[in-house]
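To start, the structure under review is shown below, and the notes come after it.
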There are 2 protein chains.
Amino acid sequence: MKLSEGVEAAIHCAATLASLEDGATMPGAALAAQFGLSPSYLLKHLQALTAAGILESVPGPAGGYRLARPAERISLLDIVLAVEGPLPAFRCNEIRRNGPVRLPDSAYVKPCGINAAMLRAEKAWRAALAAEKLSAIVADFLSDADPRSVAAACAFVERHQRPQKPGSPKQ
Amino acid sequence: MKLSEGVEAAIHCAATLASLEDGATMPGAALAAQFGLSPSYLLKHLQALTAAGILESVPGPAGGYRLARPAERISLLDIVLAVEGPLPAFRCNEIRRNGPVRLPDSAYVKPCGINAAMLRAEKAWRAALAAEKLSAIVADFLSDADPRSVAAACAFVERHQRPQKPGSPKQ
DNA sequence: GGATGGTTACTCGGATAGGAGGTGTCCGAGTTCTAAGGG
DNA sequence: CCCTTAGAACTCGGACACCTCCTATCCGAGTAACCATCC
């Protein structure tokens, strides 16, 4: 089992966008440069986040991406589900029915115990991810990370963010 | 993210082997027939379980597989790790270092907060999997599942298990 | 000087090739059971 | 009747193609800023 590498990129980008001034945007190309990624490919994941309602996109010059809601209300689970899809990692194929003796469907109304156990474990995983808020990630970074790294990140944000246009308030 | 389909097969096979009489074995071909799987392919996963020390294999006629230790001491985590590998699902590629400004390595001695958060969530998942013992899975099946399904499973075990050979005690 | 229209450049969005890992299959090595032959 | 021995059949184990999904890339649609022109 392996999570898509896009998850890492998506979380880093979301954390960077959370550091922007209120209403400001940042182009996808800038985010790609910040993390050494292919701009075209990063766009794919940013689109997924936009489709999931986590980000907003502003087209045209001075456009870019920004968070669609406060970082306190964005969890890592939201991002992971947006990139990886909503389906659970364990998908029961009901192989218990594929034996040589075919029982009627009425013998399988009770859910598969193995599937239930796997889903319980995945529920714990999702609960832990839901508890990890993007705001906490950013706060921890600002307080705990190396000062040089924090300074470089802040300088990058200051350099590439596009201030909110006065005439178009953030919805 | 998607778990390998072999995980489902491996758990079902392990649960079936847990229902065998003490020391008895069952060939991989019988397990494959029980779940409608390709024998050659199922062997691949059973070999992984054997390499992980969860199963034991007995070669030759009247051979097959059996649990290497009591079902109470086998968790779903053991099986998942044996099939999927021990690496965590989220693998940090340290893209935080790939920016245009290259800071010295000393600026990154603190672990990445995003990686830490993802690993915390995965730790919760693994803890939940470790709590799901194979013995409990089998017990729940015998008590809760449809009687017809239980009867069919027991009949299958009775039909295909190979009793322990008197002269070669289980190690 | 101010308003207006066209041009330009920048942004995101979706459709299109390439590659790694899981899926499925095959054949070979090893071991035990069986049965025939000899004592 | 018992032991020995050769054969055969069944088992697991590892090596080889195929296929799906993730990775990576390109080009097109749309929009806002900019600038030249006109009033």
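This one's a predicted model, so the numbers in the text were calculated from it and none came from an experiment. Quick note: numbers below take in every heavy atom, side chains included, and nothing from hydrogens, waters or symmetry partners. Reminder, nothing fancy here: chain letters follow the sequence lines and each chain counts from 1.
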Distance in angstrom units between [X] [atom1] and [N] [atom2], rounded:
{"X": "B:L42", "N": "D:dC12", "atom1": "CG", "atom2": "C1'", "value": "12 Å"}
{"X": "B:K44", "N": "D:dA17", "atom1": "NZ", "atom2": "P", "value": "14 Å"}
{"X": "B:E8", "N": "C:dT23", "atom1": "CD", "atom2": "P", "value": "11 Å"}
{"X": "B:Y41", "N": "C:dC27", "atom1": "OH", "atom2": "C1'", "value": "19 Å"}
{"X": "B:K2", "N": "D:dC19", "atom1": "NZ", "atom2": "C1'", "value": "13 Å"}
{"X": "A:L55", "N": "C:dT11", "atom1": "CG", "atom2": "C1'", "value": "15 Å"}
{"X": "A:L31", "N": "C:dT11", "atom1": "CG", "atom2": "C1'", "value": "13 Å"}
{"X": "A:L87", "N": "D:dC21", "atom1": "CG", "atom2": "P", "value": "12 Å"}

Taking 4.0 angstrom as the limit, do B:E72 and B:K133 come out as a salt bridge? no
Between A:E94 and A:R96 (salt bridge meaning N to carboxylate O under 4.0 Å), is one present in this structure? yes
Taking atom CZ of A:R73 as the centre, does the number of heavy atoms from other residues, nucleotides or ligands within less than 6.0 Å exceed 12? no
Looking at A:K123, I'd like to know if its NZ atom is crowded, meaning that more than 12 non-hydrogen atoms belonging to other residues, nucleotides or ligands lie closer than 6.0 Å. no
So, OP1 or OP2 of [N]: does either fall under 4.0 Å of a side-chain N or O from [X]?
{"X": "B:R162", "N": "D:dC10", "result": "no"}
{"X": "B:Q47", "N": "D:dG14", "result": "yes"}
{"X": "B:S57", "N": "D:dG13", "result": "yes"}

When all nucleic acid strands are considered with a 4.0 Å heavy-atom cut-off, which category describes B:S4: base, sugar-phosphate, or nothing? sugar-phosphate
Identify, between A:S38 and A:G60, the residue whose nearest nucleotide on DNA chain D lies closer to the 5' end. A:S38
Want to settle it: does A:P61 or B:A62 sit nearer the 5' end of DNA chain D, counting the closest nucleotide to each? B:A62
B:Y41 vs B:H45 aromatic rings, parallel, tilted or perpendicular, using cut-offs 30° and 60°? perpendicular
